[in-house]
Engineer: 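Attaching a single structure in structure tokens format; questions to follow.
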Amino acid sequence: QVQLVESGGGSVQAGGSLRLSCVVSTRSGYPYDDYGFGWSFQAPGKEREGVATIHWDGTRAYGDSVKGRFTISKENDQQIVYLQINSLKPEDTGIYYCEAARGIWYGLYPGSGWTYRGQGTQVIVSS
């Protein structure tokens with residue numbers, strides 16, 4: 001069982017920055033290091049889409065629309081996954097979710113889908 005708790009969202013003006021955090025709790029079963037993590041984004045009225053992933057070994061993948069503006073990282077000793085968002089645009093408005101899937105996989109999405117997802121944190125960008 002993995003619990004993911006996001007924070008760091010808020011209301012910002014276009015051009016600003018935010019750092020989203022995801023605290024990972026692996027209460028039982030497989031250790032934190034076995035997992036890859038990702039952030040997905042859901043704009044109002046639209047489907048959720050992946051934006052950034054960090055694999056079990058620290059390598060990363062990004063969606064084309066966010067490359068150069070979003071950076072995913074993780075702090076292993078504290079089991080926190082971050083998403084740094086720079087040069088925010090009004091179209092970045094939505095809910096950002098942290099996700100986890102165990103195993104050795106690469107790319108923006110795990111082949112078997114995400115196993116765990118947090119409740120999300122809302123970002124509102126005003127022009």
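We use all heavy atoms of the structure for the numbers below, so side chains are in, but hydrogens, waters and symmetry mates are not. Everything numeric here is computed off the predicted structure, so don't read it as measured data.
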Engineer: How many angstroms lie between atom CD1 of I72 and atom CG of L20, to the nearest 0.5 angstrom?
Structural biologist: 10.5 Å
Engineer: Anything under 30° is parallel, anything over 60° is perpendicular, the rest tilted; go ahead and classify F41 against Y96.
Structural biologist: tilted
Engineer: Establish whether W56 and I54 are linked, either directly or via other cluster members, by ILVMFWY side-chain heavy-atom contacts under 4.5 Å.
Structural biologist: no
Engineer: For I124, does its backbone N or O pair with a side-chain atom of T93 as donor and acceptor, under 3.5 Å?
Structural biologist: no
Engineer: Measuring from atom CG of N76 to atom CG of D33, what distance do you get when rounded to the nearest 0.5 angstrom?
Structural biologist: 5.5 Å
Engineer: Please tell me whether I95 and L88 are part of a single hydrophobic cluster in this structure, the criterion being side-chain heavy atoms less than 4.5 Å apart.
Structural biologist: no
Engineer: Is the ring centre of Y82 less than 6.0 Å from the ring centre of F37?
Structural biologist: no
Engineer: Let me confirm one number: the CZ-CD distance from R19 to Q84, rounded to the nearest 0.5 Å.
Structural biologist: 7.0 Å
Engineer: Examine distances only and state if a side-chain atom of T26 and a backbone atom of V2 form a donor-acceptor pair shorter than 3.5 Å.
Structural biologist: no
Engineer: Is V81 reachable from L4 through a run of hydrophobic residues whose side-chain heavy atoms are each under 4.5 Å from the next?
Structural biologist: yes
Engineer: How would you list, by chain and number, every residue that makes a side-chain hydrogen bond (donor to acceptor under 3.5 Å, both in side chains) with R60, sequence neighbours excluded?
Structural biologist: none
Engineer: Between Y109 and G50, is there a donor-acceptor pair closer than 3.5 Å when you use the side chain of the first and the backbone of the second?
Structural biologist: yes
Engineer: With no hydrogens and no angle check, is any side-chain donor or acceptor of E6 less than 3.5 Å from a backbone partner on T121?
Structural biologist: no
Engineer: Any sub-3.5 Å donor-acceptor pair from H55's side-chain atoms to I104's backbone N or O?
Structural biologist: no
Engineer: Do Y116 and Y35 have side chains that get closer than 4.5 Å, going by heavy atoms?
Structural biologist: yes
Engineer: On a heavy-atom basis, which atom in N86 and which in S17 lie closest, and how many Å separate them?
Structural biologist: OD1-OG, 3.0 Å
Engineer: Between V66 and V51, which heavy-atom pair has the shortest distance, and what is it?
Structural biologist: CG2-O, 3.3 Å
Engineer: Atom NZ in K46, atom CZ in R48: separation rounded to 0.5 Å?
Structural biologist: 15.5 Å
Engineer: Roughly how far apart are Q3 CD and C98 SG, rounded to 0.5 Å?
Structural biologist: 11.0 Å
Engineer: How close do Y106 and T59 get, counting heavy atoms only, and between which atoms?
Structural biologist: CE2-OG1, 3.5 Å
Engineer: Once rounded to the nearest 0.5 Å, what's the spacing between atom CD of Q42 and atom CD of Q122?
Structural biologist: 11.5 Å
Engineer: Is there a donor-acceptor contact under 3.5 Å from the side chain of Q79 to the main chain of V24?
Structural biologist: yes
Engineer: Which atom names give the shortest non-hydrogen contact between R69 and D92, and what distance separates them?
Structural biologist: NH1-OD2, 2.8 Å
Engineer: Using every non-hydrogen atom in the two residues, find where W39 and S21 come nearest and quote the distance to one decimal.
Structural biologist: CH2-O, 3.6 Å
Engineer: Could you tell me which non-hydrogen atom of F70 sits nearest to which non-hydrogen atom of Y62, and how far apart they are?
Structural biologist: O-CE2, 3.2 Å
